[in-house]
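Here's the structure, in structure tokens; my notes come after.
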Amino acid sequence: MIVAADFVRSVKARDSEFTTSQGDRPLIVQFAAKEAQVLCDAAQLVCPFADGIDLNCGCPQRWAMAEGYGACLINKPELVQDMVRQVRNQVENPRFSVSIKIRIHDDLKRTVDLCRKAEATGVSWITVHGRNIEERHQPVHYDAIKIIKQNISIPIVANGDIKTLKDAENVHHVTETDGVMVARGLLANPAMFAGYEETPLKCIQDWVDIALERGTPFTCFHHHLMYMMEQITSKQEKKAFNILSSTSAVLEYLSDHYGV
């Protein structure tokens, strides 16, 4: 989630928040925004390098809500409509997608109403995280996602607590949605959709190769490895690995311990 206002205002923000390459497609860039023109300007900037943008209407973090971003937008359907409409009107590429990611209301009628309004404005698809704004680790309301799907014609994507390929298949089956979206599950195991229960060493090797070839900054390189190795390392190993502070130290550790 990139804050659109900072992205538009600052070259430094653009350089640190968004890098890509020719092979990195299809690619959707997700923005936090609360003003239609700012979102349009951000969309115009990424349009040559991406296939679409997604408006975050689901982030429940306090700072985002306080700034008027994220999940508080589910209570402002007209503003969401305006943002979608303006991007649709101003981005010239007709194939450029404009999607939204939302949470649900306690009163599901309000969520269906929001989705219908977004659909009428030309949103490409909607991802639904099946929790309300207050919920964090409570069970996901997959039944609510199914009801939304039954009331909307455009593609609906289900999101929330999908940690394995079997989870993805079950959620797809239960919600009857057009797809599933995974966040933390894929950070922990990027090979999840290939059916692996935990990150295989081949995947770690691939990430090392990609990061070195692309010149990925150390913090990002190391952070992703910490996620990937979460399930395959002991507490002691985590401690040692997580405090490494240079690419050479990480490479040496991986070579010594895993032959990567």
Side-chain angles (χ1 to χ4, degrees), residues 1 26-33 51-62 64-65 69-81 83-85 87-88 97-190 192-195 197:
M1 181 178 80
L27 177 66
I28 307 296
V29 183
Q30 191 189 65
F31 286 110
D51 300 284
I53 62 150
D54 185 83
L55 174 63
N56 187 305
C57 306
C59 179
Q61 292 180 69
R62 279 203 188 93
M65 302 272 287
Y69 298 136
C72 67
L73 290 173
I74 66 171
N75 297 318
K76 300 175 182 177
E78 285 75 21
L79 176 57
V80 172
Q81 272 189 302
M83 288 197 272
V84 171
R85 187 184 295 115
V87 176
R88 271 269 169 265
S97 67
V98 185
S99 54
I100 61 173
K101 182 169 189 277
I102 65 170
R103 282 188 169 234
I104 59 173
H105 300 83
D106 289 332
D107 177 3
L108 205 56
K109 287 187 189 131
R110 293 179 65 196
T111 316
V112 170
D113 179 61
L114 167 69
C115 292
R116 282 182 174 151
K117 283 177 172 162
E119 179 178 33
T121 316
V123 82
S124 307
W125 71 84
I126 300 171
T127 302
V128 183
H129 179 83
R131 290 186 177 101
N132 67 31
I133 292 173
E134 280 77 36
E135 290 174 322
R136 294 296 181 274
H137 305 291
Q138 291 89 337
V140 179
H141 304 288
Y142 296 120
D143 54 333
I145 301 177
K146 181 176 182 176
I147 290 167
I148 293 164
K149 172 60 196 164
Q150 288 168 341
N151 282 276
I152 305 295
S153 303
I154 55 166
I156 298 293
V157 176
N159 171 247
D161 278 7
I162 299 169
K163 297 185 173 74
T164 65
L165 182 59
K166 198 169 187 319
D167 288 344
E169 289 164 348
N170 288 343
V171 169
H172 180 237
H173 177 71
V174 167
T175 60
E176 298 176 2
T177 46
D178 302 275
V180 298
M181 180 184 283
V182 183
R184 285 173 301 183
L186 278 174
L187 287 173
N189 178 13
M192 185 184 116
F193 286 146
E197 293 292 317

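Numbers here are sequence positions counted from 1. The structure displayed is predicted, hence computed values, not measured ones.
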In short, V180 meets A168 closest at the heavy-atom pair CG1-O, 3.8 Å

Calculate, to the nearest 0.5 Å, the distance between atoms CD and NZ belonging to E197 and K166 respectively. 10.0 Å

What residues form a salt bridge (charged side-chain N to carboxylate O under 4.0 Å, His left out) with R131, not counting sequence neighbours? D161

Give me the atom names and distance for the closest heavy-atom approach of I100 to A118. CD1-CB, 3.9 Å

Using a 3.5 Å distance criterion without hydrogens, assess whether the side chain of Q81 forms a donor-acceptor pair with backbone atoms of T121. no

Heavy-atom side-chain contact between C59 and H129 under 4.5 Å: no

Treating S124 as the side-chain partner and S99 as the backbone partner, does any N or O pair qualify as donor plus acceptor under 3.5 Å? no

Any I74 side-chain heavy atom under 4.5 Å of I133 side chain: yes

How long is the straight-line distance from CE of M1 back to NZ of K101, given to the nearest 0.5 Å? 10.0 Å

Checking D167 side chain against T164 main chain: does a donor-acceptor pair fall under 3.5 Å? yes

Any side-chain heavy atom of V112 sitting closer than 4.5 Å to one from I148? yes

Which atom names give the shortest non-hydrogen contact between R103 and P60, and what distance separates them? NH2-CG, 3.6 Å

Note, N75 side chain near H105 side chain (heavy atom, < 4.5 Å): yes

Non-hydrogen side-chain atoms of V98 and L55 separated by less than 4.5 Å: no

Are the side chain of N132 and the backbone N or O of D106 linked by a donor-acceptor pair below 3.5 Å? no

Which heavy atom of F193 sits nearest to which heavy atom of L186, and what is that distance? CE1-CD1, 3.7 Å

Do Y69 side-chain atoms and F31 backbone N/O form a donor-acceptor pair below 3.5 Å? no

Is R110 close to L114 at the side-chain level, that is, under 4.5 Å between some pair of heavy atoms? no

Taking the side chain from E119 and the backbone from S153, do they hold a donor-acceptor pair closer than 3.5 Å? yes

CD1/I126 to OG1/T177 distance, rounded to the nearest 0.5 angstrom? 12.5 Å

For E135, give me all partners under side chain to side chain donor-acceptor pair (under 3.5 Å), at least two apart in sequence or on another chain. H141

Would the distance check show the side chain of N56 and the main-chain N or O of G70 forming a donor-acceptor pair, the cut-off being under 3.5 Å? no

Does C57 reach the side chain of V80, with side-chain heavy atoms less than 4.5 Å apart? yes

Taking all heavy atoms of I162 and all of A158, pick out the closest pair and write down the distance. CD1-O, 4.2 Å

Q138 side-chain N/O to R136 backbone N/O, donor-acceptor pair under 3.5 Å: yes

Hey, could you give me the OG1/CD1 distance between T175 and I147, rounded to the nearest 0.5 Å? 12.0 Å

How long is the straight-line distance from CD of Q30 back to CG of D54, given to the nearest 0.5 Å? 4.5 Å

Can you tell me how far CE of M65 sits from CG of L73, rounded to the nearest 0.5 angstrom? 9.5 Å

Provide the closest heavy-atom pair for V140 versus N159 in the form atom of the first, atom of the second, distance. CG1-O, 4.1 Å

Could you go step by step and tell me if D113 and K117 meet the salt bridge (Lys or Arg N to Asp or Glu O under 4.0 Å) rule? CA-CA 6 Å; D113 179 61; K117 283 177 172 162; 3.2 Å; yes

With a 3.5 Å distance limit and no angle check, can you tell me whether D178 reaches the backbone of V157 through a side-chain donor-acceptor pair? no

Are the side chain of R88 and the backbone of G122 linked by a donor-acceptor contact shorter than 3.5 Å? yes

